[in-house]
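In what follows, chains are A, B, ... by sequence order, proteins preceding strands, each numbered from 1.
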Protein chains: 2
Amino acid sequence: MNLNHKHLVQEQFDTDTRELAELAKALGHPARIMILRELLLRRVCVCGEIVEVLPLAQSTVSQHLKALKEAGLISGTVEGVKSCYCVNPEALKRLSKLLKPLFDWAENPNCC
Amino acid sequence: MNLNHKHLVQEQFDTDTRELAELAKALGHPARIMILRELLLRRVCVCGEIVEVLPLAQSTVSQHLKALKEAGLISGTVEGVKSCYCVNPEALKRLSKLLKPLFDWAENPNCC
DNA sequence: AGTTTTTATCGTAAAAATACGATAAAAAAA
DNA sequence: TTTTTTTATCGTATTTTTACGATAAAAACT
C-alpha cells in the first residue's frame, strides 16, 4: 500500500458520502456515545464530570472529546480552568438529513 | 495496555450504547455507505456489480461487505456462483430508534 | 473434462484508533 | 508566591482497520 493510498481512495467518494461516513465514524465508539448522552442529560454544558462517568482515563476521555469536536458533533469553550462542552444540534440535524433516505427506505423496503 | 483491555473496557458500557456504536462504526467508511446506497438504488438485491462501482479491489469490497454483514446491516445469499446482498431494513430501523433521542433533542436543544 | 467466472479468504503491509501514564500550562486557591 | 486543580497534549504500546495481490473453491460454461 502506497504512503497515502487511503487518502487518495477517500477522495474518490462524493462529499455527502464522506460527510456521513465521518459523522458515523465519530459515533462509532461506546465512549463517544456515552459522552453525547451525558451532555444531553445534563441540561447545561458540562466539563470534566464526563471523566467520572466513564470507565476510562482522563487522557483517553480527552481524546474522545477531541474526536467528537473534530467531527463537529460537539463544541467546547474554556471556562476558567475548566472546559465546557455541549452537543452541536446542527451536526445532529445534518446527520439526520443524511440518514433520512436510508431510514425512509427501511420503513418501506422494496426488497428481501 | 493489558492484553484484552479494550475488550474489558467495551463491556462496561450498556447494550444500547454498544449496539449504537457498532452500527455507527459499520457506517463509518465511505465505501460502506456507497455499498448501502447502491443496494438501495438497484431495487433487486445485487451482487458483485458493487465492485465495479467502487474504486477498490475486489478483495477489499468483499471485506467491507463482511463488515456490513457482521453488523447486521446487510444479508447475503449465494445465487449459484454469484453472491447476492441486500440491506436489512430491521437493522436500519433499529439504528433509527437508537438515534431518535439525539435527533429529537437536536430539533429542540436546551443548550448553547 | 477442462476452462472461465465469481467471490471469499489468506497473508501481509501500512495506517489509524485506542488506551494509558507522564507532563505541561493555565487558572484558582491557599 | 506556592500549591492545587483541571485539562490538553506528548510519547508509547497494542490492537484494529484498511488495502492489496494471490489463491482456493464452487458453479457455469465450452
Side-chain angles (χ1 to χ4, degrees), chain A residues 1-13 17-18 21-22 24-35 39 45-71 74-86, chain B residues 1-13 17-18 21-22 24-35 39 45-71 74-86:
Chain A
M1 187 157 60
N2 206 308
L3 249 176
N4 48 2
H5 189 182
K6 199 202 162 184
H7 191 243
L8 290 172
V9 164
Q10 300 262 13
E11 280 181 349
Q12 305 221 257
F13 298 99
T17 300
R18 271 167 17 199
E22 217 171 293
K25 195 176 189 177
L27 295 179
H29 193 286
R32 293 195 288 269
I33 299 287
M34 283 296 285
I35 290 173
L39 289 177
C45 315
V46 277
C47 6
E49 295 128 311
I50 301 161
V51 175
E52 304 207 343
V53 182
L54 296 180
L56 293 165
Q58 180 267 322
S59 58
T60 307
V61 173
S62 211
Q63 226 171 320
H64 283 302
L65 284 166
K66 194 181 175 188
L68 286 168
K69 206 170 165 184
E70 277 173 356
I74 65 173
S75 43
T77 50
V78 182
E79 206 98 348
V81 75
K82 303 196 176 177
S83 215
C84 260
Y85 289 97
C86 60
Chain B
M1 186 158 62
N2 205 309
L3 248 175
N4 47 1
H5 191 181
K6 200 204 157 180
H7 190 243
L8 290 172
V9 164
Q10 299 261 12
E11 280 181 350
Q12 306 222 255
F13 298 100
T17 300
R18 270 162 26 194
E22 216 171 293
K25 194 176 189 178
L27 294 179
H29 192 287
R32 293 195 288 270
I33 299 287
M34 283 297 285
I35 289 173
L39 289 177
C45 317
V46 277
C47 6
E49 295 130 311
I50 301 162
V51 175
E52 303 208 343
V53 181
L54 296 181
L56 293 166
Q58 179 267 322
S59 58
T60 306
V61 173
S62 212
Q63 226 171 318
H64 283 303
L65 285 166
K66 195 181 175 187
L68 286 168
K69 207 171 164 184
E70 276 172 356
I74 65 173
S75 44
T77 50
V78 182
E79 206 99 346
V81 76
K82 303 199 177 174
S83 217
C84 259
Y85 290 96
C86 60

Please tell me if [X] has a side-chain N or O lying less than 4.0 Å from either OP1 or OP2 of [N].
X	N	value
S62(B)	dA8(C)	yes
T60(A)	dC20(C)	yes
Y85(A)	dA8(D)	yes
S59(B)	dC20(D)	no

In this structure, how many angstroms lie between the [atom2] atom of [N] and the [atom1] atom of [X], rounded?
X	N	atom1	atom2	value
M34(A)	dT18(C)	CE	P	16 Å
K25(B)	dA17(C)	NZ	C1'	8 Å
H64(A)	dT9(D)	NE2	C1'	15 Å
E22(A)	dA17(C)	CD	C1'	15 Å
L56(B)	dT7(C)	CG	C1'	16 Å
H29(B)	dT16(D)	NE2	C1'	13 Å
E70(B)	dT16(D)	CD	P	13 Å
K82(A)	dA26(C)	NZ	P	19 Å

*Can you check side-chain contact (heavy atoms from CB on, under 4.5 Å) on H64(A) and L56(A), steps first, answer last?*
CA-CA 10 Å; H64(A) 283 302; L56(A) 293 165; 4.1 Å; yes

*CD-CG distance between Q12(B) and L54(A), expressed to the nearest 0.5 angstrom*: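 Between atom CD of Q12(B) and atom CG of L54(A) there are 10.0 Å.
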
*Taking atom NZ of K25(A) and atom CD of E70(A), what is their separation to the nearest 0.5 Å?*
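So the NZ of K25(A) and the CD of E70(A) are separated by 11.5 Å.
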
*Of the nucleotides dG21(D), dT9(D), dA8(D), which has the atom closest to the K66(A) side chain?*
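That would be dT9(D).
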
*asked:* Among dC20(D), dA27(D), dA28(C), which nucleotide has an atom closest to any side-chain atom of V81(B)?
replied: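 From the listed options, dA27(D) comes nearest.
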
_Minimal non-hydrogen separation, A21(B) against H29(A), with atom names_ = CB-C, 3.6 Å

*Within the structure shown, what part of the strands sits under 4.0 Å from S83(B) by heavy-atom distance: base, sugar-phosphate, or nothing?*
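Sugar-phosphate contact only - S83(B) comes under 4.0 Å of backbone atoms but never of a base.
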
*Do Q63(A) and dA8(D) have a side chain to base donor-acceptor pair shorter than 3.5 Å?*
no

*Is any side-chain heavy atom of I35(A) closer than 4.5 Å to a side-chain heavy atom of V53(A)?*
no

_Which is more 5' along DNA chain C, the nucleotide nearest E79(A) or the one nearest A57(A)? Just name the residue._
A57(A)

